[in-house]
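Numbering of residues begins at 1 and proceeds along the displayed sequence. Side-chain atoms are counted along with the backbone in the values below, which use heavy atoms only and exclude waters and symmetry mates.
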Amino acid sequence: MDSDPPFHKVYKSLFDNASSTTTTTTNNKNDKDNSKDQDAMKAVVQECELPLIDLRRLELGDSEGEECKSEIARASQEWGFFQVMNHGISSELLQKMKSEQEKVFKQSFDKKSQEQKYFNFSAGTYRWGSPTATSLRQLSWSEAFHIPLNKVSATTAAGVDDLSSTMEQFATTVSSLALKLAEILAEKLGHKSTFFHENCLPSTCYLRMNRYPPCPIPSDVFGLMPHTDSDFLTILHQDQVGGLQLVKDDRWIAVKPNPEALIINIGDLFQAWSNNVYKSVQHRVVTNMQVERFSTAYFFCPSYETMIESCCEPSVYRKFSFGEYRLQVQEDVKQSGSKIGLPRFLYIV
């Protein structure tokens, strides 16, 4: 399809190297590491359901509401992931968002690559693959539009006239949900703070539309490499194809899709702010040989100038700005092909 990114053409050297290493046996450490990674990718992963929380309980009185808040905090500590239902985003809006998203991704690759001209997106909004990949295990078989919330209304595209209004509706409702959840998590740590209301604004948060094309070698390439999110919270709506996996108790588990729920996960900033009470856990997306997968993610982020520091003492992490954190992540990915994240910011006496 001319809508698919040219993975094989652009990353030809990675595929060639992978082919040569499978026919040559050596004791090289990198070969052992690659073999170990491939074995991990091929291992059978158990499917499970994330903790499911009915947000309608927040309105059912003090005791029921407090128990609901406690469940949110407990899932954030024990899993770093949970699902919410009765979240305030209608099924009609979620379906409309997916429909408009599919229309955008069906545009030709050339058009998507010229997002400024054809969609009125800023340069760099359209992303695919992994520019810094030096092996197949570092390649993400996916494409995405990563859009600042304050740029959503400017979106224009032939054949997808409703994209802008649909994204605006989705972003508005999901923003309110993110703020509500962040304030609940802060409250359960004993902090009734205006921090999130003041620092996580439409101008600092992002919407990301993802597509994972069918992949001919699903056992060798991730849809999205293992990683943690560099934000406070991520809210995800995914289709029913499946593919999202996360680490629980030192093993990978597959998340069973739930059509009525949104997935919430804790990001690095909330782990740092909570002083390691809430957990930002590794997750990934595996590829599918036959079916494409779609998802929409909302990233609850502060401004680059916002200082992140633990809400209690003694602090596990040193104080840092979000901009400094993003810069360090980008540098690590450039140098090593993968993110290091919070360990870079541990407080050293």
| Which is it for H283 and H227 under the side chain to side chain contact (heavy atoms under 4.5 Å, CB included) test, yes or no, and what are the steps along the way? | CA-CA 6 Å; H283 53 284; H227 68 287; 3.2 Å; yes

Do the side chains of [Y] and [X] get nearer than 4.5 Å, heavy atoms only?
X    : Y    : value
N199 : T204 : no
I235 : F300 : no
D229 : F270 : no
S336 : Q138 : no
K180 : L58  : yes
L327 : Q330 : yes
K112 : W128 : no
L236 : L244 : yes

With the 4.5 Å side-chain cut-off for hydrophobic clustering, are [X] and [Y] part of the same group?
X    : Y    : value
L52  : L233 : no
I147 : F170 : yes
L346 : W273 : yes

Return the [atom1] to [atom2] distance between [X] and [Y], rounded to the nearest 0.5 Å.
X    : Y    : atom1 : atom2 : value
D162 : S164 : CG    : OG    : 9.5 Å
W141 : L224 : CH2   : CG    : 14.5 Å
L94  : H87  : CG    : NE2   : 5.5 Å
E143 : S113 : CD    : OG    : 9.0 Å
S274 : L269 : OG    : CG    : 10.5 Å
E331 : I340 : CD    : CD1   : 10.0 Å

In plain terms, say whether [X] and [Y] are close enough for a salt bridge, that is, a side-chain N and a carboxylate O under 4.0 Å apart.
X    : Y    : value
E92  : K96  : no
K103 : E100 : yes
D4   : R211 : yes
R318 : E324 : yes
K256 : E47  : no

| task | Tell me, with the steps shown, if V285 and S142 meet side chain to side chain contact (heavy atoms under 4.5 Å, CB included). | result | CA-CA 10 Å; V285 176; S142 56; over 6 Å; no

Taking all non-hydrogen atoms of both residues, which atom of [X] and which atom of [Y] are closest, and how far apart?
X    : Y    : answer
K111 : F119 : O-CE1, 3.6 Å
S76  : I266 : OG-CD1, 3.6 Å
S338 : M225 : CB-CE, 4.4 Å
C311 : L189 : SG-CD1, 4.0 Å
Q245 : A254 : CG-CA, 3.9 Å
V277 : Q77  : O-CG, 3.3 Å

| task | Identify which one of Y126, F145, Y212 satisfies the ring-ring contact (aromatic ring centres under 6.0 Å, His included) criterion when paired with F105. | result | F145

| query | So which of F196, F299, F322 actually passes ring-ring contact (aromatic ring centres under 6.0 Å, His included) with F232? | reply | F196

| field | Pairs involving residues 61-76, ordered by first then second residue, that meet salt bridge (Lys or Arg N to Asp or Glu O under 4.0 Å) (sequence neighbours left out) | value | R57-E64, R57-E71, E66-K69, E66-K188, E67-R74, K69-E187

| task | Applying side chain to side chain contact (heavy atoms under 4.5 Å, CB included), run through T228 and L342 and close with a yes or a no. | result | CA-CA 10 Å; T228 58; L342 284 177; over 6 Å; no

| Quick one: which of N265, T234, D268 gives a side chain to side chain donor-acceptor pair (under 3.5 Å) with S280? | D268

| task | Determine, stepwise, if the pair N210 / S295 fulfils side chain to side chain donor-acceptor pair (under 3.5 Å). | result | CA-CA 5 Å; N210 301 300; S295 69; 3.1 Å; yes

Looking only at atom types and distance, does a side-chain atom of [X] sit under 3.5 Å from a main-chain N or O of [Y], one as donor and one as acceptor?
X    : Y    : answer
Q282 : V247 : no
E183 : K192 : no
D54  : N86  : no
Y278 : L185 : yes

| message | Walk me through whether L177 and L262 qualify under side chain to side chain contact (heavy atoms under 4.5 Å, CB included). | response | CA-CA 11 Å; L177 175 60; L262 295 176; 3.9 Å; yes

| task | Determine, step by step, whether E102 and K98 satisfy the salt bridge (Lys or Arg N to Asp or Glu O under 4.0 Å) criterion, reporting the C-alpha distance in whole Å, the side-chain angles of both residues, the deciding distance to 0.1 Å, and the verdict. | result | CA-CA 6 Å; E102 289 176 352; K98 182 174 182 290; 2.4 Å; yes

| query | If you count the non-hydrogen atoms of other residues, nucleotides and ligands that lie under 6.0 Å from NE2 in H197, is the total more than 12? | reply | no

Side chains of [X] and [Y], donor plus acceptor under 3.5 Å:
X    : Y    : answer
N150 : S203 : no
Q114 : D110 : no
S303 : T306 : yes
Y298 : S175 : yes

| Any residue meeting ring-ring contact (aromatic ring centres under 6.0 Å, His included) with Y325, in chain and number order, not counting sequence neighbours | F320, F345

| query | Partners of Y206 by ring-ring contact (aromatic ring centres under 6.0 Å, His included), sequence neighbours excluded? | reply | H146

| query | Is there a side chain to side chain donor-acceptor pair (under 3.5 Å) between T125 and K151 once you walk through the steps? | reply | CA-CA 10 Å; T125 296; K151 302 293 185 183; over 6 Å; no

